[in-house]
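Single-structure report; data block below.
The structure presented is a predicted model; accordingly, all values stated were derived computationally and were not measured.
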Amino acid sequence: MPVNGGSGFLNPGERHETLWRSVTVARSEMPGLERVGEVYALYISSVLIGQGICRTLLSEAHAQMKAQGFEASALWVSCDNQRARHFYERAGYQTDGAAQDDVYDGITLTELRYQRVL
């Protein structure tokens, strides 16, 4: 899977399914941690859910952050996205109490911050 500047993109061809992940420096400070990376985006086509692809993308993101010297990973998840929240909890992430509201196309979504040690 190509990785360039913290982002990876794969289009598996004939099926026209898209996978995307992006890693960056955390956009918000986290008490007690100095070097925190952030999984900014992790998307796959709904037809690919349940095949372990997101686990692979997330593992690659963790490896990339570790190689860059990050000690922890953070990410933001919509509080209403139970599937994503459960996925990240199974991967060792925990909410840390931080929340933020983001507006997408005129709709306000509340996101919760999750973190884990790498």
Side-chain angles (χ1 to χ4, degrees):
M1 181 171 311
V3 176
N4 182 5
S7 299
F9 174 80
L10 172 68
N11 188 336
E14 298 176 12
R15 297 179 297 177
H16 302 288
E17 296 146 350
T18 300
L19 315 175
W20 173 259
R21 74 154 171 78
S22 179
V23 176
T24 187
V25 174
R27 294 172 288 161
S28 57
E29 291 188 25
M30 296 171 53
L33 297 170
E34 291 184 28
R35 297 266 311 150
V36 180
E38 181 175 336
V39 178
Y40 182 74
L42 179 63
Y43 300 108
I44 67 167
S45 170
S46 61
V47 299
L48 298 175
I49 291 174
Q51 298 181 34
I53 296 168
C54 272
R55 276 192 307 275
T56 299
L57 290 171
L58 187 60
S59 292
E60 289 177 358
H62 291 159
Q64 183 179 8
M65 285 188 276
K66 283 177 109 172
Q68 293 177 3
F70 293 109
E71 61 184 303
S73 174
L75 52 86
W76 293 88
V77 180
S78 170
C79 67
D80 296 329
N81 190 340
Q82 293 301 319
R83 176 181 273 169
R85 292 179 64 186
H86 185 65
F87 169 78
Y88 291 119
E89 289 165 1
R90 285 191 323 256
Y93 283 85
Q94 297 179 348
T95 59
D96 65 5
Q100 67 182 13
D101 288 335
D102 278 332
V103 179
Y104 299 98
D105 292 330
I107 299 170
T108 301
L109 298 175
T110 300
E111 296 176 318
L112 305 175
R113 186 173 61 196
Y114 277 72
Q115 66 175 308
R116 68 161 273 182
V117 173
L118 292 173

Please check if M65 and F87 belong to a single hydrophobic cluster, counting links between Ile, Leu, Val, Met, Phe, Trp and Tyr side chain heavy atoms closer than 4.5 Å.
yes
Hey, are the side chains of D102 and W76 touching, using non-hydrogen atoms and a 4.5 Å cut-off?
no
Spacing of CG belonging to L57 relative to NE2 belonging to H62, to within rounding of 0.5 Å:
11.0 Å
Using modelled atom types only, decide if a donor and an acceptor are shared between the side chain of E71 and the backbone of R35 within a distance under 3.5 Å.
yes
What residues, two or more places apart in sequence or in another chain, satisfy side-chain contact (heavy atoms from CB on, under 4.5 Å) together with S59?
none
Would you check if F70 and Q64 make a side-chain contact, meaning some heavy-atom pair closer than 4.5 Å?
no
Which heavy atom of R116 sits nearest to which heavy atom of A91, and what is that distance?
NH1-O, 2.8 Å
Let me check something: do V47 and I49 share a hydrophobic cluster, defined by ILVMFWY side-chain heavy atoms less than 4.5 Å apart, either directly or through other members?
yes
Identify the two heavy atoms, one from L118 and one from S73, that lie closest to each other, and give their separation to 0.1 Å.
CD2-CB, 3.8 Å
Does some side-chain heavy atom of L112 sit less than 4.5 Å from a side-chain heavy atom of Y88?
no
Where R85 and S78 come nearest, the two heavy atoms and their spacing
CD-O, 3.7 Å
Would you mind reporting whether Y93 and V39 have side-chain heavy atoms less than 4.5 Å apart?
yes
Taken in chain and number order and not counting sequence neighbours, the residues that satisfy side-chain contact (heavy atoms from CB on, under 4.5 Å) with D101 are T108, T110
Flag yes if more than 12 heavy atoms outside R90 fall under 6.0 Å of its CZ atom; otherwise flag no.
yes
